[in-house]
Amino acid sequence: LAKTTQPISMDSYEGQEVNITCSHNNIATNDYITWYQQFPSQGPRFIIQGYKTKVTNEVASLFIPADRKSSTLSLPRVSLSDTAVYYCLVPNTNAGKSTFGDGTTLTVKP
Amino acid sequence: NAGVTQTPKFRILKIGQSMTLQCTQDMNHNYMYWYRQDPGMGLKLIYYSVGAGITDKGEVPNGYNVSRSTTEDFPLRLELAAPSQTSVYFCASTSGSPPTGGYTFGSGTRLTVV
């Protein structure tokens, strides 16, 4: 399994850019990297996915170095509503198994 | 488009009782998953399915059973409920072979065993 490791928590202020890094040392050649946002009492919501280099959508950017053993989720100009837990997930493409890490609790302060 | 629907949303069980958590998706996804999330913790994979008729164990399968008779439905069965099974249960699905896209999660079932 591609076990992931993330910082437990991060603090930021409104308007700042936030970067959350995830380590996935055992990632396989065909594995993609996905990120999710979870608010209390809700299911996780898919944010972004990538395979290599950089991916950007209307919500975030995802940076993946050449060795693909880590990835960084970048949230531009965060607001209070971005306070949530963020998870990276590497779905195991060989067996369908997927293991979440413990997530990063992001707290955005005014 | 309903996505992933889970029922019930809440349930209280007595020790030793059994129940089935329902999960239905209308996106024709081949992969489906069951996770549990204990308070303040991450998600742990219980069982998954790569398609109708095919299921396999995840990290924490003990005390649970699943079936996948159709593409749409992936029920999770709890036999002889124990307090350690008090948790929030999430069902998820995705497509691809192998999966390459993001997962769609249901809103969860909050289960308390007393």
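Chain naming here is simple, since letters A, B, ... match the order of the sequence lines and numbering starts at 1 in each.
The number of heavy-atom neighbours closer than 6.0 Å to CD1 of B:Ile12, taken from other residues, nucleotides and ligands shown, is 12 or below. Counting non-hydrogen atoms of neighbouring residues, nucleotides and ligands closer than 6.0 angstrom, the OH atom of A:Tyr13 reaches no more than 12 such neighbours.
Aromatic ring centres of A:Phe46 and B:Phe105 lie farther apart than the 6.0 Å criterion allows.
Scanning both residues, A:Tyr87 and B:Gln37, for their nearest heavy atoms gives OH-NE2, 3.0 Å. Taking each heavy atom of B:Leu43 and A:Phe100 in turn, the nearest pair found is O-CB, 3.7 Å.
Using a 4.5 Å cut-off between heavy atoms, A:Tyr36 touches chain B through its side chain atoms alone. For chain B, the nearby part of A:Gln42 is the backbone; its heavy atoms alone come within less than 4.5 Å. Heavy atoms closer than 4.5 Å to chain A are found nowhere in B:Gln6, neither backbone nor side chain. Both the backbone and the side chain of A:Ser41 come within contact range of chain B, with heavy atoms under 4.5 Å apart. Of the two parts of A:Leu89, only the side chain, counted from C-beta on, holds a non-hydrogen atom closer than 4.5 Å to a non-hydrogen atom of chain B.
In terms of non-hydrogen atom pairs under 4.5 Å with chain A, the most contact-rich of B:Ser49, B:Cys91, B:Gly102 is B:Gly102. When each of A:Gly43, A:Pro44, A:Gly103 is checked for heavy-atom pairs under 4.5 Å with chain B, A:Pro44 comes out on top.
Follow the hydrophobic side-chain contacts under 4.5 Å out from A:Val90 and you never reach A:Phe63; the two are in separate clusters. Cluster membership check: A:Leu106 does not share its hydrophobic cluster with B:Met41, using side-chain heavy-atom separations under 4.5 Å among Ile, Leu, Val, Met, Phe, Trp and Tyr. Note on A:Tyr86: it does not cluster hydrophobically with A:Phe39, by side-chain heavy-atom contacts below 4.5 Å among ILVMFWY residues.
A heavy-atom distance below 4.5 Å is found between the side chains of A:Pro91 and B:Tyr103.
Its side chain within the 4.5 Å cluster rule, B:Leu13 clusters with B:Ile15, B:Met19, B:Leu21, B:Met32, B:Trp34, B:Ile46, B:Tyr47, B:Val60, B:Tyr64, B:Val66, B:Phe74, B:Leu76, B:Leu78, B:Tyr89, B:Leu111, B:Val113 among the Ile, Leu, Val, Met, Phe, Trp and Tyr residues.
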